[in-house]
Each structure stands twice: as structure tokens, then as C-alpha cells.
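In what follows, chains are A, B, ... by sequence order, proteins preceding strands, each numbered from 1.
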Amino acid sequence: MPEKTYDHNQIELKWHDQWGSDPDLYKAEENSSRPKYYVLEMLPYPSGALHIGHIRNYSIGDALARYMWMRGYNVLHPMGWDAFGLPAENAAIKNNRPPRDWTLSNVEKMKKTHSRFAFSYDWDREVTTCEPDYYRWNQWFFNRMLEKGLAYRKQALVNWCNICATVLANEQVVDGCCWRHEGTPVEQRALEQWFLRTTAYAEELLNDIDKLEGSWPDRVLTMQRNWIGRSEGAEVDFEVVGHGPVRVFTTRVDTIYGATCMIIAPEHELVAKLGADEKAQARKMIDARANQGPGDVLKEGFNTGLRAINPFNGESVPVWVGNFVLMGYGTGAIMAVPAHDERDFEFCTQYGIDIRPVIRPVDGTLPELPLKVACGDYGIVENSGPWSGKPSADARREMAAFAEEKGFGKAAITYRLKDWGVSRQRYWGTPIPVIHCTTCGVVPVPDDQLPVLLPRQVAITGKGRSPLADVPEFVNAPCPKCGAPSLRETDTMDTFVDSSWYFYRYCDSKNSTAPYDAKKIDYWFPIDQYIGGVEHAILHLIYSRFWTKMMRDVGLTTIDEPVKKLFTQGMVIRNGAKMSKSVGNVVPADDVADKYGADTARLFALFAAPPEKDVDWIDAGVEGVYRFLGRVYRYATRNIGTPGGDGSSDAKVLRKAHQVLQKVTEDFDSRWHFNTSIAAMMELTNDLYAEEAKISATAMEQVITIFVFLLAPFAPYLAQEIWAELGNEGPVFRQKWPAFNPDLARETDVEIPVQVNGKIRARFTVPTGLDKAALEAAARADEKVIAALEGKTIVKVIAVPDKLVNIVVK
RNA sequence: GCCCGGGUGGCGAAAUCGGCAGACGCAACGGACUUAAAAUCCGUAUUCCGGCAACGGGAGUGCGGGUUCAAGUCCCGCCCCGGGCACCA
């Protein structure tokens, strides 16, 4: 066949049309005899256009999906849209266009790009989270959580972002600022809010991390462990004279005889009982903290004049208010042991409060005053009544037990993790399905009245309260219990609710009577491979784990963890920042596809670096991959169906082909270093060019066929085109992945370097597998080696078969 | 401060088990083809020293030590970069 030039547009358009006319092409089988494989990439926010960062994510998942298909699995590979969220509202304000219109038109555009890139999704299962047939189930789950006491409402200090004009979850606060607005400090506001009781699962979320060990990246597991932040300690009541007990939390109850004051947070309820001056001072601290960005904060405090009694030794100590004590952790009050805690030391030194060492190092003496630094180490407890002389660990345990026995405390565990605040004062989200009735109180909207529909025509102001509050048709509703005119809840749910369970919906996306059929979940779950950005290590991935456990306890599934294996791909960086629309440094996927084709863009996204690594996007590198595909195509077309050469290089190129097949197969099955898989294919291409004239027609066809398979998971269009050129029918990714032949792949000869004292002095070629003795003999017979050994005494000879010979001389 | 990653040519990287450092690609340079250019094909390329050259010699994976016949890889101590957590009691 005459050589054809690589016209990516023509090839890709042809197969795109052909594949597009077959809706069942990438369909997962409902009743399959094949083993199941659920591969999932994190669903995108429909911002308007796919960029190279998306392409990298989907190219990894798609290569895997295609490979697993060829390996004979029943693959579920779905895609959807995380369609609720703030950008739609901002766009609506800017363009005067309803968020739904804007969102759905973005979905259409991005779906076109998806299809152009030939990502193999089962679009039949598409999920769009802003549509009622999806979000009604958010509401339904909310009702289940209300029944279980896992959803509750309380007045609480919440994180407030002024620009977003809404509340943020704890997880959405970064360095004291809004996660979407880096420079905007989060304010604390007291609001009535809905919370989901994630803390009920703190212990299980932490313990089950062990089950994920080895199949989730360590980095993610560590981040989650830190986030849950379990500390073991004790709670102890100090009687505040004239006011009653105030409880403190400490991890070092063994140091309690060294407590020289109590410090409470400025938000602590005891402050309300102080004088006007003190209250004003505490208020100032709270405000100062609200306006503070990240960084070091100066310790500040004042003496309340109150006294508290240490229940262990009956000592009366002063009560202070301190700006470094957090209301949101522990009990909001601490006992200060300046001798053994760095922060207490700093504070007490500053205000001249007593310092009293009570822990002696195991092999030393009690620290002498004045101290230069606090000593937080464990040791032997001293000057501590009946516990003196005991090791810290024992004293901790026994003192907590003692407190419990005497009724003034107990052993306690505290978590950094807090309940998930889900109320948002915004329009574009799932309406929280409750009604406020003056007589019945908070009444959930009954399941059979769901969904509570989000009204379509709403004026979005971006000011402080939910726009839904200004829609009378929405707000005014009868109480489901007593029928009296009542008011609907106008807050909407955090969008992370949507993404906490969407992957279950893919298994049964059209179910109109339940979120899904449990039998279908049983078949497909857990997700065999989840692929996404490490930036979701905490938010999305903790919420998803929580949601699964909640679903299990509600009786909707039997599994504990949704994701078996997690892969976090590196970010695509451009101009020093993660590629994203909000930063404005995106390379639109369509631009690259226009110029070089989808195959090139996909291949380059994988070739630039190993997939877990961050990669700087540099346009220049794309050329090389494009040239490679062109070389492959021209070579294939000019050699298919030609008489061929004398076959003297057949063995050589077949060997190389099987070696590359082995390498690519192993890369898929283990560490996914597709950059080296692709490099191996380039090597094979270079060999094929070099040996072209000496390959027989039969060998040529065999090698090109192998090449097509190698290419199929990465560059589906070109693979399909050559597959057809070879005279084959049907989609190549429905073929069976070829097994490599280890005999054909085996190298016959190997070059052995000979070192003398570690310096290479000679090389020779021997058959592979030559044993030590023969290798040593061959080395000693080599002229150059003889010359190098002249006049030296051999101390030792190391011969490693197929690797090297090292002769140690004196 | 604590906990994870990482540091290799001009650049992206490779070296999976301790065994030839720099595969593959980009950029660069040289050649072939062309009236010319593009495209394509072939070749050169870590660096320093000596040589017209074939070649020979030395150094080299952030820094300093160590183990070993042999270290990018293992051990100890540092430096730098990226990420996470951070008055969390």
C-alpha cells in the first residue's frame, strides 16, 4: 500500500462519526458473565470548557477502561456533572442569565469535547446533579439523616465568607481564609444552621483508614488522619468559685499538679457572667481573631478575678481568658501547666503566672526554676501527691480513672473533626427539605412530596441571605403536619453533598423510586479504581466515606468504604499555578485537538511525566508526540500488504515487539508509568524504521498488529484506523489484549561490561544466561582485560550473569 | 514547629531487586532531499582535559560522611524546593 500522510482531522472525524452512531459502544453490561470493573474519574464542574488538566485525568481513566475491556472485564466507566455551585450564580449576575441555562449549555459544550476525545463513557448513566431527578435524593437522604438524628439544627458560630455571601464548612477554610478567595479572611458569625453529624463516625472514619492502606496513596491517608485529629486525654471539672464547675480537656492529666491557672476561650460561656469591661475585652479578642490572616498570633489574655479549684490537690488557681484557647476544640477551657507545655509557658511567662515543674526526666532531676523552655516530654511524675514516682503513662491512665471514680472527670477522646455544616445562603443548590411551622416547629417535607423543586426564575443578588427567601411562591407552604400556613427553609445544601454519593447513582441513574436499587450497588461496588486530583484528599473523599457509612447504617448498602483503590494524579501547572478557569491559565482542550488531534493531546498528557507527578504544561513538547503518531501511521500504511523483505530482521523486531508488549502490560498492571510505556513504543518505532527493508511480510503484519493493540488504550483513533487498514472489522478495543510470548521476548545476546576496580575496561557480547564461571573465564580471556590486569594481583572476581564482571585487584 | 513527597544534562524525564547514569522526547547543531522553505529521513549531543582523528584520561545524580567489589538507589547528619497540618491543650 502506498504511504499516506497522517491527517488527524480526517481520521478522527471518520471514526468519531462512526462510533457516535453506536449508542451501545461503551455500554456496561447489566447481566454479564464477565468479572466487573468499575473505573471512575472525578466528575467535573461544568465551567464551560475542558482544559488540559481535565484531559490528563480522563486520559488515565480512559486508557485503563479500554485496557480492562480488552482484558475481558465488564467495565463500568461513567461520567457526570457536578452542576450546582457558586460560579453559575456569579455568571448569572454577570450575564443576566439563569444559572440553569448557563450550566446546561456548558454541559453541552463540554460533552462535545468529551466525545471528540473519544473518552469511552457510558452516557446512558449520565448524572447531572442540578436536576430534580438527582437532587430529590439529596433531600431524601436528608430525611433519613433527620430520622437517625444525623442531621440537626443549631445556633453556632460559623465560617462566613463575605464575597461568597455564604457560610463555609470547616473543610472549606484554608489558612483562615475562604477556599475560593485566598485573601478574604473568614468571619465567625452566629447563625442557625443545619449540620450533619460527621463526628458520629470520627472513630470509624479513622480506623477504616487502615483498611485503605496500600490501595490509597499514603499522602491522602495521612492527610485524613491529621484532619480527623484524634487526641486521647481526660476531661476534668474545676469548680469555679461562685459559678459551678468548668470542664477542661487535657492530654496530660499527669501534669495536673503543675497547673497554675485555668484559661478559657473568649467565647466561653463563663465570659457572659463577667463584668461589662471583661466582656468587652473578650469581644475585642474575638473580633481581632476574625480579622486576622494566617501567621503567628501574639498571645494575649486577662485575669477574670475568678478562682478555680483543682480537684486533685484542692488548690485555688486564677481563671484567665486567653486568645489562644479555641472554643471549637475540646471544651474551650484548659488548665495551664507552664512547666510542661510550650504555649502555656509562653503565656504564663508573659503574665508572671507561677511555673511549677512536676515531671522529672527518667534519667534526670526535676527541672530547676527559672525555666528557659517548657518540657513536654514524658517522664516520672513528682510533687503530685499519691502519684509521685509513677511514669507519666501510668499516671495519665490512673488519674483519669480516679477522676471518673470521684465524679469530677473521665478519660476522654477529642477530635479535630467537626460536624459538617451544610446550610448555604445561596440559590443554586439543593433546597433543604424542611418547613418551619409556628406550632409544629421544624417539619421535614414527607418523602412523597419530594422533590422540593428549586424555582427557575429567581433574582440573584449575592447579598447575605438566600435569594429563595425573596420568592413567596417558594417560601409560603402549608405545614405537612397541621396544614397551617408556614415557611419553607430557604437555605440550600453545600454542593459537596451532591458529590458525596453520585457514584452510586451511576449504577442506577434512572431509578425514580429510590436513589438506586441495592442489588445493582452490590454488583458494582466498591469502585475498583477512582482517579482524581489530590486537592480532593480531604473534602470530597472524607464526605464520601461518611456518606457511605451513613447509607449503610440507614440500611441502603452493606459496604463500609466506597473506593477500593484511589489514584491521585498530579496537577497540570501553567505559569506557576494549577490550571483552572478561575486562575485564567487554561489551555483549552479543543485548541490542542484542533492543531494536533485528540490522540496527540491524550498521548502527550500521559507522556510528559508519570501520572502522579505535577507537570508544567509547555506547548513545545506536543510536537514530538505528534511526529511519533505520524511516523507510526506512515510506516503502517506503506508496509501493510507489501511483499516485504528477506526476513533477516524478523526475529529482532518481533523480539522488540514482545518486549514492549510485556512492558506495557506490566505498566498497566502495576505502577501506571505510561510515560515509559509510550517511550517503549517510540523505541519500537525507531527499530522498525531501522530494520524496515529486512522484515518479511508475515512478520511485518504481526508486528503492526501488536502495535495497534499497544496504541489502542492511548490513541484510540489512530489505533482503530490502522486496525481497519489491516483489513479488520469492529472496534479494536473490543478485541482481546494479546499475551506476550516470553520466549519471543527473551534477548539472545547481552553485552557485558568488565570492570577492573569499578572502572570499565572492556566489553564483550555473550549469549544470555551464561553462568558465573563461564562469564569470568570469558572476561579473563579478553585482550583488553589482560592488558589491564598486567602486573596486578587479583583479589576477587565478581561475575553477575547478564549484568557485569568486576575484577578487584591490588 | 510536626508529618509526607521531591532534588539526575539547556528542558520534560529514564534507570522497578544495590550492577554500564542520562532510555524516550523537546530544544540545539550537522547532513540528505528541495530552486527554496516546510515536512520528512539520517546523524551528533553530560561535562572537563589531551589529540587532526580513531581514541585515551578525569569528574559527575543537592551538600558532608558511612556501608559495599559496586551507591542516583541502603545508613547517618545537613541544605534547598513542593504539599499537608499547625496556639488542637
Side-chain angles (χ1 to χ4, degrees), chain A residues 3 5-6 174-175 217-227 229-231 233 248-253 255 263 265 289 294-299 322-326 328-337 340-344 346-347 376 414-417 534-535 537-538 570-571 573 604 607-610 612-625 627-628 630-631 634 663 666-667 670-671 673 675-686 689-690 751-760 763 795-809:
Chain A
E3 177 178 306
T5 37
Y6 178 49
V174 179
D175 289 336
D218 288 343
R219 186 157 61 131
V220 173
L221 299 181
T222 310
M223 281 162 74
Q224 291 212 356
R225 283 197 183 99
N226 286 340
W227 190 261
R230 181 183 195 271
S231 345
V248 302
F249 174 76
T250 176
T251 52
R252 292 297 303 275
V253 70
T255 65
I263 309 174
R289 188 147 64 191
D296 279 318
V297 178
L298 284 177
K299 286 194 177 47
N323 66 341
F324 70 102
V325 178
L326 305 173
Y329 184 79
T331 61
I334 64 164
M335 61 174 202
V337 184
H340 304 293
D341 182 277
E342 229 177 275
R343 296 154 309 203
D344 297 348
E346 194 187 329
F347 186 84
T414 297
Y415 298 93
R416 216 189 75 103
L417 182 76
V534 73
E535 65 274 20
I538 292 174
M571 295 183 292
I573 309 284
F604 182 66
F607 179 66
E612 71 277 7
K613 239 190 113 161
D614 286 353
V615 57
D616 260 296
W617 179 263
I618 298 158
D619 300 301
V622 188
E623 291 276 354
V625 169
R627 276 200 282 264
F628 162 64
R631 266 164 81 79
R634 288 190 304 274
K663 163 146 185 62
E666 286 170 358
D667 272 337
S670 60
R671 53 175 203 159
H673 277 199
N675 55 329
T676 61
S677 307
I678 295 162
M681 291 185 227
M682 289 173 169
E683 284 182 44
L684 176 57
T685 309
N686 292 344
Y689 266 76
E751 191 187 57
I752 301 286
V754 183
Q755 300 177 334
V756 175
N757 283 352
K759 299 258 181 285
I760 293 167
R763 299 167 178 284
V795 179
K796 198 174 179 185
V797 179
I798 290 110
V800 184
D802 298 342
K803 293 284 185 192
L804 54 42
V805 177
N806 190 6
I807 303 172
V808 187
V809 297

Hey, does [X] reach any base, or is it just sugar-phosphate, or nothing, if we go heavy atoms under 4.0 Å?
X        : answer
A:Arg631 : sugar-phosphate
A:Glu751 : base
A:Asp218 : nothing
A:Val325 : base
A:Asn686 : sugar-phosphate
A:Asn675 : sugar-phosphate

Would you kindly give the [atom1]-to-[atom2] distance between [X] and [N], to the nearest whole Å?
X        : N      : atom1 : atom2 : value
A:Lys299 : B:rA89 : NZ    : P     : 14 Å
A:Glu612 : B:rG5  : CD    : C1'   : 11 Å
A:Leu804 : B:rU68 : CG    : C1'   : 14 Å
A:Asp616 : B:rG10 : CG    : P     : 18 Å
A:Asn757 : B:rU68 : CG    : P     : 15 Å
A:Ile678 : B:rA13 : CD1   : C1'   : 13 Å
A:Asn806 : B:rC69 : CG    : P     : 10 Å
A:Met223 : B:rG83 : CE    : C1'   : 8 Å

Residues in salt bridge (charged side-chain N to carboxylate O under 4.0 Å, His left out) contact with [X], at least two apart in sequence or another chain:
X        : value
A:Arg230 : A:Glu203, A:Glu232
A:Arg763 : A:Glu751
A:Glu683 : A:Lys656
A:Glu342 : none

Keeping [X] on the side-chain end and [Y] on the backbone end, is there a donor-acceptor pair under 3.5 Å?
X        : Y        : result
A:Asp341 : A:Ala336 : no
A:Asn323 : A:Leu298 : yes
A:Arg219 : A:Ala537 : no
A:Asp614 : A:Met571 : yes

Legend entry - Anti or syn - B:rG9, cut at 90° from 0: syn
Inset, instruction - Using a 90° cut-off around 0 for syn, call B:rC11 syn or anti. - result: anti
Of all residues at least two apart in sequence or in a different chain, which pass the side-chain hydrogen bond (donor to acceptor under 3.5 Å, both in side chains) check with [X]?
X        : answer
A:Asn675 : none
A:Thr222 : none
A:Asp344 : none
A:Thr414 : none

From the set [options], return the single nucleotide nearest to any side-chain atom of [X].
X        : options                : value
A:Ile760 : B:rA21, B:rA13, B:rA70 : B:rA21
A:Glu683 : B:rC41, B:rA89, B:rA23 : B:rA23
A:Thr222 : B:rC20, B:rU40, B:rC3  : B:rC3
A:Ile798 : B:rA89, B:rA59, B:rC69 : B:rC69
A:Phe607 : B:rA13, B:rG12, B:rC20 : B:rG12
A:Lys796 : B:rC69, B:rG19, B:rC85 : B:rC69
A:Arg219 : B:rC41, B:rG83, B:rC20 : B:rG83
A:Phe324 : B:rA14, B:rC20, B:rC87 : B:rC87

Inset, instruction - Could you check A:Trp227 against A:Ile334 and say which one's nearest nucleotide on RNA chain B is further toward the 5' end? - result: A:Trp227
I'd like a table of atom pairs between the protein and nucleotides 43-45 of chain B - only N or O on both sides, under 3.5 Å - with the distance next to each one.
none

Inset, instruction - In whole angstrom, give me the gap between the P atoms of B:rG66 and B:rA71. - result: 13 Å
Inset, instruction - Between B:rC74 and B:rC24, how far apart are the P atoms? Round to whole Å, please. - result: 26 Å
Inset, instruction - For B:rC26, take OP1 and OP2 only and decide whether either is under 4.0 Å from a side-chain N or O of A:Arg627. - result: yes
Legend entry - Phosphate OP1/OP2 of B:rA13: any A:Lys613 side-chain N/O under 4.0 Å: yes
Inset, instruction - Answer yes or no: side-chain N or O of A:Arg225 and base N or O of B:rC3 forming a donor-acceptor pair under 3.5 Å. - result: no
Inset, instruction - Can you check whether any acceptor in the base of B:rC85 is under 3.5 Å from a donor in the side chain of A:Asn226, or vice versa? - result: no
Legend entry - ring pair (Phe, Tyr, Trp, His ring centres under 6.0 Å) partners for A:Trp617, two or more places apart: A:Phe604
Hey, what are the protein-to-nucleotides 16-18 of chain B N/O distances that come in under 3.5 Å?
{"from": "B:rU16", "atom 1": "O4", "to": "A:Lys663", "atom 2": "NZ", "distance (Å)": "3.2"}

Inset, instruction - State whether A:Phe324 and A:Lys299 meet the cation-pi test: NZ (Lys) or CZ (Arg) under 6.0 Å from the six-membered ring centroid, and within 45° of the perpendicular axis. - result: yes
Legend entry - Stem list, RNA chain B (Watson-Crick or G-U pairing under 3.5 Å, at least 3 consecutive pairs): B:1-7 with B:79-85, B:10-12 with B:24-26, B:28-32 with B:40-44, B:46-50 with B:55-59, B:62-66 with B:74-78
